[in-house]
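Structure first, commentary second.
Quick caveat, the model's predicted, so the values are computed rather than measured. Residue numbers count from 1 along this sequence.
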Amino acid sequence: QVQLVESGGGLVQAGGSLTLSCAASGRTFSSRAMGWFRQAPGKEREWVAAITWNGGLTDHADSVKGRFTISRDNAKNMVYLQMNSMKSEDTGVYYCAAAVTGWVGRVAHAYQYWGQGTQVTVSS
């Protein structure tokens, strides 16, 4: 089992930056792909970024490509989402998720464990 706790959310002005962190517990963390998702008010949850079990491959949604970067540190059981040049449409609750295998990309149903989420609000 993997438990995930997100942190780092908050209020930021458009054009600003935030870094989200996800602390993971559980012996299988380092063998799992990890992802970030977000859900804006009144909208469905959407995939944002994913990283392989060893950090060797990443993928980002087109809406955040070039602005957001996912990374991980298996020695610390941590996953990060660096968010730059933020826009009002980036507002939402951001969730960290652990996949069933080493790489699942953007397939939401392949993510087995989820954190409780952290709120990100971008003011224009």
Side-chain angles (χ1 to χ4, degrees):
Q1 190 170 358
V2 177
Q3 293 183 324
L4 304 170
V5 179
E6 302 94 337
S7 62
L11 175 65
V12 63
Q13 288 187 334
S17 299
L18 274 178
T19 300
L20 303 183
S21 299
C22 174
S25 63
R27 291 179 295 174
T28 63
F29 165 78
S30 60
S31 65
R32 297 175 182 265
M34 297 294 295
W36 284 96
F37 292 76
R38 68 186 181 187
Q39 187 166 21
K43 295 186 177 180
E44 293 188 353
R45 184 176 59 194
E46 65 170 340
W47 170 79
V48 174
I51 189 167
T52 52
W53 65 277
N54 63 351
L57 177 66
T58 63
D59 194 14
H60 299 78
D62 288 344
S63 59
V64 306
K65 199 165 291 184
R67 301 187 298 120
F68 291 12
T69 303
I70 188 172
S71 62
R72 69 187 297 163
D73 185 338
N74 284 349
K76 297 181 178 179
N77 276 24
M78 295 292 294
V79 181
Y80 307 97
L81 185 68
Q82 174 67 46
M83 305 184 292
N84 299 323
S85 302
M86 297 187 71
K87 305 175 181 180
S88 57
E89 52 262 45
D90 295 323
T91 293
V93 178
Y94 282 69
Y95 299 91
C96 173
V100 295
T101 63
W103 176 247
V104 299
R106 60 187 69 191
V107 182
H109 68 259
Y111 287 87
Q112 187 174 13
Y113 299 104
W114 296 79
Q116 83 289 348
T118 185
Q119 175 71 46
V120 172
T121 303
V122 183
S123 63
S124 57

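Contact detail for Val2 and Thr28: the closest heavy-atom pair is CG2-OG1, 3.4 Å. Looking at every heavy atom in both residues, Ala33 comes nearest to Gly102 through CB-O, 3.2 Å. In this structure, Arg72 and Phe29 approach most closely via the heavy-atom pair NH2-O, 3.0 Å. Taking all atoms of both residues into account, the shortest heavy-atom contact from Arg32 to Ala98 is CD-CB, 4.1 Å. Listed here is the closest heavy atom pair of Ala14 and Ser124: CB-CA, 4.2 Å. Scanning all heavy atoms of the two residues, the minimum distance from Ser17 to Ser85 falls at OG-N, 4.3 Å.
The distance from atom CG of Leu4 to atom OH of Tyr95, rounded to the nearest 0.5 Å, is 13.0 Å. Between the OG1 atom of Thr91 and the NZ atom of Lys43 there is a distance of 10.0 Å, given to the nearest 0.5 Å. Atoms CG and CD1, from Asp59 and Ile51 in turn, are 11.0 Å apart once rounded to the nearest 0.5 Å. One distance of note links OG1 of Thr19 with CG of Leu81; it measures 8.0 Å at 0.5 Å rounding. Atoms SG and OH, on Cys96 and Tyr80 in that order, are 11.5 Å from each other to the nearest 0.5 Å. If you take CD on Gln82 and CG on Leu18, they are separated by 8.5 Å, rounding to the nearest 0.5 Å.
No continuous path of ILVMFWY side-chain contacts below 4.5 Å connects Val122 to Val93, so the two sit in separate hydrophobic clusters. Connection of Val79 to Val120 is established within a shared hydrophobic cluster, with ILVMFWY side chains joined at heavy-atom distances below 4.5 Å, either directly or through further cluster members.
Although no hydrogens or angles enter the test, the distance criterion places a donor-acceptor pair under 3.5 Å between the side chain of Glu6 and the main chain of Gln116. Looking only at distances, a side-chain donor or acceptor of His60 sits under 3.5 Å from a matching main-chain atom of Ile70. A donor-acceptor distance shorter than 3.5 angstrom exists from the side chain of Asn77 to the backbone of Ala24, with no hydrogens or angles considered.
Look at Lys87 and Asp90 and you find no salt bridge, because none of the NZ, NE, NH1 or NH2 atoms lies under 4.0 Å from a carboxylate O.
In this structure, Trp53 places its CH2 atom where only 12 or fewer heavy-atom neighbours from other residues, nucleotides or ligands lie under 6.0 Å away. The environment of Gln3 atom CD is sparse: at most 12 non-hydrogen atoms of other residues, nucleotides or ligands sit within 6.0 angstrom.
Using a 4.5 Å cut-off between side-chain heavy atoms of Ile, Leu, Val, Met, Phe, Trp and Tyr, Trp103 falls into a hydrophobic cluster with Leu57.
With sequence neighbours excluded, the residues satisfying side chain to side chain contact (heavy atoms under 4.5 Å, CB included) with Glu46 are Arg38.
With hydrogens and angles left out, the side-chain atoms of Gln13 and Ser123 include no donor and acceptor closer than 3.5 Å.
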Applying side chain to side chain contact (heavy atoms under 4.5 Å, CB included) to Ser21 and Met78, what does each step give before you reach the verdict? CA-CA 7 Å; Ser21 299; Met78 295 292 294; 3.7 Å; yes
Could you please spell out the steps behind the ring pair (Phe, Tyr, Trp, His ring centres under 6.0 Å) verdict for Trp114 and Phe37? CA-CA 10 Å; Trp114 296 79; Phe37 292 76; 4.8 Å; yes
